[in-house]
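To keep things clear, I will list the structure first and then write my remarks on it.
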Protein chains: 2
Amino acid sequence: MVADTRVVEELKAAILRGEFSPRQRLVEIELCEQFDASRFAVRAALQALEADGLVERQRNRGARIREIGIDEAVEITEVRQVVEGLIARRAAERVSVDEAEALAAIGRAMHEAVAAGEVAEYSDLNARLHSMLRDIARHEKANSIIAHLHGQMVRHQFALSRVPGRSKVSVHQHQAIIDAVVEGDGDAAEQAMRTHIASVADALRGIG
Amino acid sequence: MVADTRVVEELKAAILRGEFSPRQRLVEIELCEQFDASRFAVRAALQALEADGLVERQRNRGARIREIGIDEAVEITEVRQVVEGLIARRAAERVSVDEAEALAAIGRAMHEAVAAGEVAEYSDLNARLHSMLRDIARHEKANSIIAHLHGQMVRHQFALSRVPGRSKVSVHQHQAIIDAVVEGDGDAAEQAMRTHIASVADALRGIG
DNA sequence: ACGACCTGTATTGTCGACAATATTGTCGGC
DNA sequence: GCCGACAATATTGTCGACAATACAGGTCGT
């Protein structure tokens, strides 16, 4: 991934923004024009994104956006369940008083967002909470694996956020995680996180 | 990773066999001679192995074998702890009678190997057991993550196998995993696996 | 009308040459 | 003798051109 980091980042961002549909072909020359780069840089970017699991390539057939079905999304969520469980446990063991207060503030904001029916705001807070837990846990390997898995889930994440009534359920699960972490109870934090993501997995299976 | 899969595999195998030392520079032209390949293929291989976490590259400075310190090895083991826990749970839920018998056979062979003091044989059985559990669990995402993490651990794995008395301890942990999986008890299987890998993590910390 | 084959086109794979950059070695000044 | 600047070398980065391959559409024979 040495060659021109710019192209890699822009292409990845474009995919994550959903500018390409699953199984859509990615023709190298078209990408060259779109990102104003050489074929060399585009090829390197495609190779990097293949390793990221965002695109798939077949010899002499080129690259296409990898399609991630419900079954694979469920598997990803199952792995996330245990790895984020580890993160929650570590966060509970290492949380500082300042961080604890910040977590509690997110919890309060979540309740307000749900009460006001602001789904976009709630979705944003959700991302902030998980991200903050990763920062607190300071577990590089776990964090990088979660980032890797998250990149493959964007499309389904979007579908999930549209399932009606999910925020009402998940706000209590989030609160349970926050409480356990703030109290420094690693066991409870891991358990709460696993319960939470298990319900995400169930919701995913419900879509399929 | 389209280009010449042969070079990627051979280079990866060579690294895993320990033919290069950590932080050793990998000069492209030397690799070209060693594997009788073009620089193009070698570059592609290096890029692929960078994504694999085996090699690190800096712009205009080339590639070198990535050094994985004890602290990182511990983090890897902590992630393995929860992901292999998931695998053990799934294996317990899906095991067939034939598979159960095969697991039990490995358990008996392990006891014999320990009694006879055959450490190489025991190490081999250990790999076979974990591999068989992955086959039984049939969880692609979990399996691929474990494979990915395992590749970065080879050096430390070797160091671990030389810690005296480890096999005497771990044989009982392995038996506990086998028993739980054979009985189809997912909770117990996950717990046993986590206990087992926790002791691996402790041994690693002891080395450092 | 249908299928096998063949040809043209679009696209990707590979290479060799050159440019850009880092690293090493050398020299002169102090 | 030591330090900085500069030159020489080693190594990687980038590109354009060509080869190899797959795919689509048409042609021929039956």
Side-chain angles (χ1 to χ4, degrees), chain A residues 1-68 151-152, chain B residues 1-68 151-152:
Chain A
M1 197 188 65
V2 159
D4 215 341
T5 313
R6 194 198 102 234
V7 182
V8 185
E9 288 174 3
E10 288 188 6
L11 180 53
K12 181 168 182 173
I15 295 175
L16 261 43
R17 240 179 291 122
E19 290 185 16
F20 302 92
S21 14
R23 303 198 60 79
Q24 177 178 343
R25 285 193 60 191
L26 298 172
V27 179
E28 294 183 358
I29 299 198
E30 293 174 5
L31 297 176
C32 291
E33 294 174 10
Q34 183 168 349
F35 296 103
D36 190 41
S38 71
R39 239 189 94 197
F40 189 88
V42 168
R43 280 184 74 81
L46 287 175
Q47 194 169 337
L49 272 92
E50 182 189 26
D52 248 344
L54 261 48
V55 311
E56 61 185 357
R57 303 173 81 190
Q58 286 181 306
R59 188 184 177 85
N60 291 321
R61 293 227 212 148
R64 53 181 54 201
I65 301 289
R66 203 162 84 81
E67 172 157 42
I68 286 150
Q152 308 184 353
Chain B
M1 197 187 62
V2 159
D4 215 342
T5 312
R6 192 198 104 234
V7 181
V8 184
E9 288 173 4
E10 287 189 7
L11 179 53
K12 181 168 183 175
I15 295 175
L16 262 42
R17 239 180 290 121
E19 291 185 15
F20 302 93
S21 11
R23 303 199 59 82
Q24 176 178 343
R25 286 193 60 190
L26 298 173
V27 180
E28 296 183 355
I29 300 200
E30 292 175 6
L31 297 176
C32 290
E33 293 174 10
Q34 183 167 350
F35 296 105
D36 190 40
S38 72
R39 238 189 95 197
F40 189 88
V42 168
R43 280 184 76 79
L46 287 174
Q47 193 169 338
L49 288 157
E50 182 189 26
D52 247 345
L54 262 47
V55 161
E56 64 185 354
R57 304 172 83 190
Q58 286 181 306
R59 188 184 178 83
N60 292 321
R61 292 226 211 149
R64 53 181 53 200
I65 301 288
R66 205 162 83 80
E67 172 155 44
I68 286 149
Q152 307 183 355

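- Counting to the nearest Å, the P atom of dT12(D) and the CG atom of Leu26(B) are 9 Å from each other.
- Listed by chain and residue number, Arg39(B), Arg43(B) satisfy the side chain to side chain donor-acceptor pair (under 3.5 Å) test with Glu28(B) (two or more places apart in sequence, or in another chain).
- The CD-P distance, from Gln47(A) to dG13(C), rounds to 10 Å in whole Å.
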Pairs: protein N or O with nucleotides 18-23 of chain C N or O, under 3.5 Å:
from, atom 1, to, atom 2, distance (Å)
dT21(C), O3', Asn60(B), ND2, 3.4
dT23(C), OP1, Arg61(B), NE, 3.3

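- Residue pairs that meet the side-chain hydrogen bond (donor to acceptor under 3.5 Å, both in side chains) test with at least one member in residues 7-16 of chain A, sequence neighbours left out, are Arg6(A)-Glu10(A), Lys12(A)-Asp52(A).
- The shortest distance between the side-chain N/O atoms of Ser38(B) and the OP1/OP2 oxygens of dT14(C) is not below 4.0 Å.
- dA20(D) atom C1' lies 14 Å from atom CD of Glu28(A), rounded to whole Å.
- For Ala63(A), the side-chain contact (heavy atoms from CB on, under 4.5 Å) criterion is met by Leu26(A), Leu46(A), Arg57(A), not counting sequence neighbours.
- One atom, CG of Asp36(A), and another, C1' of dT14(D), lie 15 Å apart when rounded to the nearest Å.
- The distance from atom CZ of Arg43(A) to atom P of dG16(D) is 15 Å, rounded to the nearest whole Å.
- With a 4.5 Å cut-off on side-chain heavy atoms, Phe35(A) and Val42(A) do not count as touching.
- Per the geometry, CZ belonging to Phe40(A) stands 13 Å off P belonging to dT14(C), to the nearest Å.
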Distance-only criterion, 3.5 Å: show the donor-acceptor pairs between side-chain atoms of residues 13-23 of chain B and protein atoms not counting sequence neighbours.
from, atom 1, to, atom 2, distance (Å)
Arg17(B), NH1, Glu19(B), OE2, 2.1
Ser21(B), OG, Gln24(B), OE1, 3.2

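- Annotation: side-chain contact (heavy atoms from CB on, under 4.5 Å) contacts of Gln152(B) (sequence neighbours excluded): Lys141(A), Leu54(B), Arg66(B), Ile68(B), Glu72(B), Ile76(B), His148(B).
- Within 4.0 Å of Leu46(A), counting heavy atoms only, lies no atom of the nucleic acid at all.
- Put simply, CD1 on Ile29(A) is 7 Å from P on dT12(C), counting in whole angstrom units.
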